[in-house]
Amino acid sequence: MNCQLRWGGSLTLLKDRGMTEASRYATVKTTLKKGLVMNSQVKPGKLLINNEWCEAASGKRFDVINPATETKLTDCAEGDQVDIDRAVSAARKAFETGPWKKMAARERGRILNRVALLLDKHRQEIAELETLNNGKPIAETLHVDLTLAIETFEYYAGLADKIHGETIPVNGPFLNYTLREPAGVVGQIIPWNFPLLMAAWKLGPALATGCTVVLKPAEQTPLSALYLGNILMEAGLPAGVVNIVTGFGPTAGAALARHKDVDKIAFTGSTEIGKLVMKMASETNLKRVSLELGGKAPNIVFADSDLDAAVNGAMRGIFFNQGEVCCAGSRLFIEQSVHDEFLSKLKASTEKMIVGNPLDPKTQMGAQVSKEQFNKILGYIEQGKKEGASVVTGGAPAHPKGYFVKPTVLEGVTNQMTVAREEIFGPVVCAISFRDTTDLVRQANDTVYGLSAGIWTRDIGKAHRFARDIKAGTVWINCYNQFDAASPFGGFKESGFGRELGEHALELYTQVKSVWVALN
Ligand code: NAI
Ligand code: MG
């Protein structure tokens, strides 16, 4: 069975890959006892330090909200610098003296495989938890977030025993070889838009290489990471290898970015905080840094494209995950000769979208993650109107309760307007008409960001020239928002640096040592 994503794409479920449930679970003997959700009763969250659940040293807690109902779901321990210190020392001890680094790489791979199996086993429960906390539709959490998170752990499970150095033919009577060693204690700060998936992207390669980790989930969405904490322990991860400290950015996050005993920091979030993290990373020591930040991707529709497919792709590009996607196709360039036809098709399809209860399997767009994001998006729509854009459809809240925004299309946008320059991070696409194709690449590149880009055309020469000339880490040709654990992802320019996923991510979490041996 193929799970059809609603804007035409498809993601293959694990079952399609020839695995029966029995074979997948063969190695899993026990079941989870401490799950966070039981029939949607969400339990309070604690910090995970050294494989023990504990309160923050301050005893403080913070509320976790369901953005679809604006009500409190539960609360979590509010970690700060003291708890980060405890977590970093646990990670340091586990790195220097624990079994993790010394373990056979294949055994580390087996543990990561068990994480994937356990995520799959609890797929429904975790998906519900994620949807309750983030507001995204259950159809997506089940078949996108969970599937991709599972595949990420499977992919790095397979890579764990394939990380090795090289021998180098140097001058003279010497043997020269390299060792590829784990980076050490790693701090990972993740955002709220794909809470579990971002944890998987970060943890998969870090654990495959033998690093130990302190993970700081976003304060809006800490719950799936805590559930994952249980799974990591059940899968057999030794104490201190992954520590999870929930809490706020300026306290817990900043303490991690500054910490003297952290060797590497990986951050996903806003460009504003990414720049700050880079600064903090050099305050007490000199951490290696990787940053995956904002975007303002051009999605370009040529008159010679399959227009219906392009309409679908434009929607997938901006309405997937309520537009809370760093690589969202938010600047929609449309060739003038098909502009009106394209927009009328886009308007008609957009107005058919089901926006509502995220737990309903039929729902196509859920709630924005927080009141802050909801207000920010509506503010940008007003700003767009003030600067001369007009609303083709949407432009307002979708329901009186909950942080729902109608899928919105703005037309008459120019590349200089605020809505075309700043990341809205919501379901708002800016349609920009173009006639002069010679100037198009310059316009598409005229942004501080460079995370991704899309192009819709039947002319393969044009498509590949664009792929070469655009300054972006990912280019989609006649498709949009495709992801795979094996394919690298990351930014050019102010969208950050470092590549996550694929073999490239191993570079983030390893360092190379050159060893010389005299042969005479
Ligand atoms: P943010 O960048 O403030 O938060 C992301 C993570 O960084 C969270 O875990 C947060 O606790 C942490 N953080 C915040 N301040 C910190 C600090 N001073 N030191 C260390 N860590 C810190 O993003 P926010 O405020 O939630 O969203 C604002 C905008 O950022 C969004 O509207 C969107 O434009 C962009 N964003 C981009 C994301 C992406 O995937 N590239 C993800 C989330 C937000
Ligand atoms: Mg912030």
Side-chain angles (χ1 to χ4, degrees), residues 62 64-65 67 76 78-81 84 134 136 145 187-195 197-199 201-202 214-225 244-259 262 265-281 283 287 289-297 318 320-328 330 368-380 403 405 418-419 421-428 447-452 473-474 481 483 489-491 493-498 500:
F62 65 98
V64 179
I65 306 296
C76 277
E78 186 186 327
D80 59 22
Q81 190 185 333
I84 290 288
N134 169 278
K136 65 174 79 191
D145 301 63
Q188 302 183 320
I189 302 173
I190 55 172
W192 41 259
N193 51 344
F194 295 90
L197 186 58
M198 289 301 104
W201 282 26
K202 294 275 181 290
V214 177
L215 179 74
K216 210 294 282 170
E219 56 271 30
Q220 297 86 349
T221 55
L223 301 179
S224 55
I244 305 173
V245 179
T246 50
F248 292 87
T251 47
L256 191 56
R258 280 204 184 96
H259 205 290
V262 170
I265 192 101
F267 173 83
T268 299
S270 61
T271 293
E272 178 199 356
I273 302 297
K275 289 180 177 177
L276 194 60
V277 164
M278 194 161 165
K279 222 184 272 171
M280 291 189 288
E283 274 177 19
K287 284 171 204 70
V289 178
S290 54
L291 303 171
E292 200 267 273
L293 310 174
K296 196 74 203 177
I318 194 69
F320 169 55
N321 209 44
Q322 298 72 243
E324 293 170 344
V325 182
C326 45
C327 50
S330 50
Q368 307 305 137
V369 75
S370 65
K371 188 166 197 169
E372 190 187 345
Q373 292 300 314
F374 174 78
N375 288 334
K376 179 179 160 182
I377 295 161
L378 295 175
Y380 272 120
Y403 308 130
V405 177
T418 309
V419 285
R421 306 212 70 81
E422 296 180 12
E423 186 174 52
I424 300 175
F425 226 61
V428 181
T447 165
V448 297
Y449 297 112
L451 194 57
S452 59
T474 298
N481 274 340
F483 304 95
F489 186 85
K493 301 194 278 183
E494 292 187 32
S495 292
F497 51 83
E500 301 195 278

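Order of appearance sets the numbers: ligands from 1, and atoms from 1 within every ligand. Atom set for the values below is all heavy atoms of this structure, side chains included, hydrogens, waters and symmetry mates excluded.
- When heavy-atom distances to ligand 1 are checked against a 4.0 Å cut-off, Lys376 comes that close only through its side chain, counted from C-beta outward.
- Geometrically, ligand 1 and Ile190 share a nitrogen or oxygen pair separated by less than 3.5 Å.
- In this structure, Asn193 CG and Thr268 OG1 are separated by 8.5 Å, a value rounded to the nearest 0.5 Å.
- In this structure, Lys202 contributes its side chain and Glu500 its backbone to no donor-acceptor pair below 3.5 Å.
- The shortest N or O to N or O distance between Glu219 and ligand 1 is below 3.5 Å.
- The distance criterion of under 3.5 Å between nitrogen or oxygen atoms is met by Trp192 with respect to ligand 1.
- Relative to atom 23 (O) of ligand 1, the option among Gly187, Gly274, Ser270, Ser370 with the closest non-hydrogen atom is Ser270.
- Each of the atoms 27 (O), 28 (C), 31 (C), 32 (O) of ligand 1 lies under 4.0 Å from some heavy atom of Gln373.
- Close approach to Ala218 involves these atoms of ligand 1, each under 4.0 Å from a residue heavy atom: 9 (O).
- The N/O atoms of Leu293, backbone and side chain alike, include one that comes under 3.5 Å of an N/O atom in ligand 1.
- For ligand 1, the atoms sitting less than 4.0 Å from at least one non-hydrogen atom of Leu276 are 18 (N), numbered in the order shown with element in parentheses.
- Interface of Phe267 with ligand 1, defined as ligand atoms under 4.0 Å from a residue heavy atom, comprises 2 (O), 6 (C), 7 (O).
- Every atom of ligand 1 with a heavy atom of Ala254 under 4.0 Å away is listed here by number and element: 19 (N), 20 (C).
- Counting the atoms of ligand 1 from 1 in the order shown, those under 4.0 Å from a heavy atom of Gly253 are 19 (N), 20 (C), 21 (N).
- At a distance under 4.0 Å, no protein heavy atom can be found next to atom 4 (O) of ligand 1.
- Between atom CD of residue Glu423 and atom CD of residue Glu324 there is a gap of 10.5 Å, rounded to the nearest 0.5 Å.
- Around CD of Glu283, the count of heavy atoms belonging to other residues, nucleotides or ligands within 6.0 Å exceeds 12.
- Residue contact check for ligand 1: Glu324 places no non-hydrogen atom closer than 4.0 Å to it.
- The distance between the ring centers of Trp201 and Phe194 does not fall below 6.0 angstrom.
- Closest to atom 43 (C) of ligand 1, if we only count protein heavy atoms, is Pro191 CB, 3.5 Å.
- Nearest approach of Ala328 to Ile318, heavy atoms of both residues: CB-CD1, 4.1 Å.
- Checking side-chain atoms of Gln368 against main-chain N and O of Gln322 turns up a donor-acceptor pair under 3.5 Å.
- Using a 4.0 Å threshold on non-hydrogen atoms, atom 18 (N) of ligand 1 counts as touching the protein.
- Side-chain N or O atoms of Lys296 include none that pairs as donor or acceptor with a backbone N or O of Ser330 at under 3.5 Å.
- At under 3.5 Å, a nitrogen or oxygen of Gly249, whether backbone or side chain, sits near a nitrogen or oxygen of ligand 1.
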